[in-house]
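One structure is given below, encoded as structure tokens.
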Amino acid sequence: PPSLGHPARMKSRKAPRSAAQKAAHAKPRARGKPKQKSRTVDESRTTFGKLKKGALPQAVPGGDDAALLSKRRFGKLPGTRVQVDKRGVPIRVVVEDGAHFPPDNIFAAKQHLVKLAKRKQELAEISKMRGDDDAAQRLAPLRGRPGRRPFRR
């Protein structure tokens, strides 16, 4: 048998690439033109983002939550609150159980509040029939429904 030499001096050979690998590497790559970054310049700030002396901060486009939630933009409804969710979209949240609705859809929110009041009244009647004084314990599952509260106070 021919001598292969010392194992420490032997070079390992890589396995040859398959035909599929060769074809994949030979194909031209689809590289689109990168999109241009939109740069907003706030003249009231320095290069490092610090507010210049005597200058008032300017509104950055798309970053103003106050414009979304101006006063009296959406109708008032007792038991609900209008707030901005994680995506920056205003929603109407029912305080009692955390259900959320579009802020303009007051009718749906009213129907939900009526349903909650009816449910609460039925539970109170049932507890009165049973003679239970622990009506608050029966109403607890109504308030703490998991997955329905998008915000924490």
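Values reported hereafter were calculated over all heavy atoms of this structure, with side chains retained and with hydrogens, waters and symmetry mates removed.
Remark: S18 pairs with A20, Q21 by the side chain to side chain contact (heavy atoms under 4.5 Å, CB included) rule, at least two apart or across chains. Among residues two or more places apart in sequence or in another chain, the side chain to side chain contact (heavy atoms under 4.5 Å, CB included) test is passed with K128 by none. For N105, the side chain to side chain contact (heavy atoms under 4.5 Å, CB included) test picks out P102, F107, A108, with sequence neighbours left out.
With contacts defined as side-chain heavy-atom distances shorter than 4.5 Å, the pair H112/D97 qualifies. Here the side chains of F101 and V94 are in contact, with some heavy-atom distance below 4.5 Å.
In this structure, R119 CZ and E96 CD are separated by 9.5 Å, a value rounded to the nearest 0.5 Å. The distance from the CG atom of L113 to the CG atom of L77 is 5.5 Å, given to the nearest 0.5 Å. One finds the CZ atom of R92 at 11.0 Å from the CD atom of Q83 (value rounded to the nearest 0.5 Å). Put simply, CD1 on I106 and CZ on F74 are 10.0 Å apart, with the number rounded to the nearest 0.5 Å. Atom-to-atom distance recorded for K115:NZ and K118:NZ is 11.0 Å, nearest 0.5 angstrom. Distance check, rounded to the nearest 0.5 Å: CG of L116 to CD of Q111 gives 12.0 Å.
Taking every heavy atom of both residues into account, P103 and P90 meet most closely at CD-O, 3.3 Å.
Of the N and O atoms on the side chains of H100 and D85, not one donor lies less than 3.5 Å from an acceptor on the other residue.
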